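Structure record follows, encoded as structure tokens.
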Amino acid sequence: MKKRGAKPAGQHHRVGEGVYDDDEHGQNVKTTAAEVLEARQLRQPKRRGLTPLLRVLMLVSSAVAPVVISRGLRGSLSLPSSEVVHGALGVLTQGLVEALGSEWWAPATAQPTGAVDTPPSRRAPLARAAQSKLADTELEEWRVKLLEHSAALPEYPEGRFNGRGIVMSAGRRSYFTSAYVTIRALRSHHNCTLPIEVFYNGAAELPDTAIRHMEQAYRVKFVDVTAMAEAKGVDLRGYQLKAFAIQLSSFEEVLWLDSDNIPLTDPSFLFEAEQYVTNGALFWPDFCNMISFRKETFGVFGLAEPLKYQQPRPNKTTIWQNECLETIETELETGQVLLHKRKAWAALQMIVFINRHHDFFLKRLFKGDKMTFHFGFKAAGQAYGLVSHVPGSIGLAADHLGDKQWFCGNTMAQRHPTDGSILFLHRTMSKYKDAESYTKRKGVYRAWKFYALQPPRDPWQLMYRDELPAALFVGANTGDQYECARPTGSKVGLERTPGSVTKLETSLLRYLGDLENLPFYPKDRVCNADSMFFCANA
């Protein structure tokens, strides 16, 4: 696969190398001492007589010294370089601050590629976030809160987390059905031996009989997040559970999988992937024209808005653009996340903070959790690895109105970090909501027959059930799949799915049949607030 198109002038967004690093919009750039002080004062009461003095010293450090040197004093007096003088004045300022009993924060400097384990206590607050206030009162309030939180991150808790493992969530019929199939694929089809922890929201979502069966049969540990002290008072009945599950899991190194995301092979090797080892985090890209957050987000995180940004409609946070803009970084797709807690601890704390306050962030700015990870890393000033291979789509194809074959993708195909082969099958548009929907009524429903892949900068199109032949949509109920992804490029590669995909789907359909026959699996049982597991559409 070719690398993405040319980078816009002034940016250092190296997708091909898999790293987001320093750019001109305030991420990981050097922050002046005055800006750091201003950020510091936002979260601490002023000390009488101290602030004006410090501000003068900071400004002398950052502005006066270079000007004096530029006027020729260096030559006549044999002074050292401006960097040395600048540093010396900074040390002088630091000494005065420490003598007066105030905490010192060194300015943030540009990090080299992969340098993501800078201790949080030495990292400056949200880069350049203090340079200007936002006109919107609510946005400004949360900008300041982000700044304050980024300046007071806890140290990594030594000894709390150990080893590597897979983390998921499950609960209610639909999510449990998908999780069951994915776990069976890992244990029975791939013989994966990684420990697995599954988080759920209390007994109403998952009965003890289901938990006991899974723990005994497939060596899985279930974790009731509502019983954990760190989650008290937090509503985790939505996208925000992902960030908390990653943080609260017992593993130091985590592979997160959405419950409907099925690996095509044992994913254990990913923990040795070069991009992950270097950066402490590895993400996969979404379709390049998928936008899931509003442009106000940039200001809240102290970043400049792109020169061209197609804003979603009012009260909407998702849009499929007609083109892939070079000025906008491709979004993440977090059906799978690889994260080393020690190396990415500061970023993880920012991600959890954003998701803890989901009433603002996930309602006002973001649609879903995926870009909370991107902006969490931005806020912490840390880099992450990004797989350079764009996703493809797997689904069905049929003739339509005498035209060429129309493709309807129901599953996102995320790819191997190095060789680009299919690695994850994320059923984003055709989910296993209940066991019988794909195994009975009108026969077995196979969803994975064709594989579509197109050039990296070609957009995809979202199509709905009433726009294409019914044969392109799978499941016994119309609610099982009501939309699909269709490529729009002129060089679309449409081919039959590999035999490994067909073989895996055969196993998945068998697992669904097994699940339907288990005594605890809901059929025509009562659905109420005390037993959400039995709700057909839950």
Side-chain angles (χ1 to χ4, degrees), residues 1 15-19 113-114 116-117 161-168 179 181-198 218-221 242 245-246 249-286 332-344 348 373 383-392 394 411-427 448 451 453 497-505 507-508 511:
M1 294 294 297
V15 178
E17 299 176 20
V19 175
T113 300
V116 298
D117 53 351
F161 308 114
N162 295 282
R164 298 168 170 174
I166 295 172
V167 179
M168 305 172 62
V181 169
T182 299
I183 292 169
R184 285 289 306 271
L186 287 165
R187 292 292 191 240
S188 305
H189 194 85
H190 302 318
N191 296 316
C192 175
T193 59
L194 284 171
I196 301 174
E197 292 181 355
V198 181
Y218 306 111
R219 306 182 309 283
V220 179
K221 178 183 178 181
K242 181 182 297 187
I246 291 174
S249 67
S250 66
F251 312 123
E252 182 171 70
E253 299 183 65
V254 172
L255 171 60
W256 166 271
L257 291 177
D258 280 4
S259 60
D260 55 2
N261 191 11
I262 307 152
L264 186 57
T265 187
D266 182 354
S268 303
F269 74 94
L270 286 172
F271 289 103
E272 306 301 332
E274 181 179 357
Q275 290 171 296
Y276 167 71
V277 173
T278 299
N279 295 284
L282 183 61
F283 292 94
W284 279 255
D286 206 333
L332 306 181
E333 192 277 304
T334 54
Q336 58 289 306
V337 171
L338 197 63
L339 191 141
H340 193 301
K341 290 181 185 177
R342 177 187 296 274
K343 292 183 178 181
L348 181 57
F373 284 81
Y384 59 75
L386 179 67
V387 172
S388 61
H389 299 290
V390 298
I394 290 179
T411 299
M412 180 173 280
Q414 289 289 8
R415 300 161 66 191
H416 192 289
T418 54
D419 64 29
S421 60
I422 300 172
L423 179 57
F424 292 107
L425 297 159
H426 191 183
R427 297 183 72 109
W448 297 342
Y451 176 41
L453 194 62
T497 51
S500 57
V501 173
T502 303
K503 184 177 180 180
L504 176 60
E505 186 173 30
S507 295
L508 301 182
Y511 302 152

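Predicted model only: the values in this text are computed from it and were never measured.
Counting heavy atoms from C-beta on, the side chains of Leu423 and Thr265 come closer than 4.5 Å. Counting heavy atoms from C-beta on, the side chains of Phe251 and Leu194 never come closer than 4.5 Å. Side-chain contact between Asp266 and Asn191 is absent, with no heavy-atom pair separated by less than 4.5 Å. Leu186 places a side-chain heavy atom less than 4.5 Å from the side chain of Pro267. Taking the side chain as every heavy atom from C-beta outward, Pro417 and Tyr276 never approach each other to under 4.5 Å.
Under a 3.5 Å cut-off, the side chain of Lys343 and the backbone N or O of Val277 do form a donor-acceptor pair. Checking side-chain atoms of Arg415 against main-chain N and O of Gly392 turns up no donor-acceptor pair under 3.5 Å.
Using a 4.0 Å cut-off between charged side-chain N and carboxylate O, Arg427 and Asp258 make no salt bridge.
Pro285 and Leu386 make their closest contact through N-CD1, 3.9 Å (heavy atoms, listed as atom of the first residue, atom of the second, distance). Leu453 and Val390 make their closest contact through CD1-O, 4.2 Å (heavy atoms, listed as atom of the first residue, atom of the second, distance). Across Leu264 and His190, no two heavy atoms sit closer than the pair O-CE1, 3.0 Å.
Ring geometry for Tyr384 against Phe283 counts as perpendicular: the plane angle is over 60°, on a 0 to 90° scale with 30° as the lower cut.
Checking Asp286 against Trp284 by side-chain atom types alone, no donor-acceptor pair falls below 3.5 Å.
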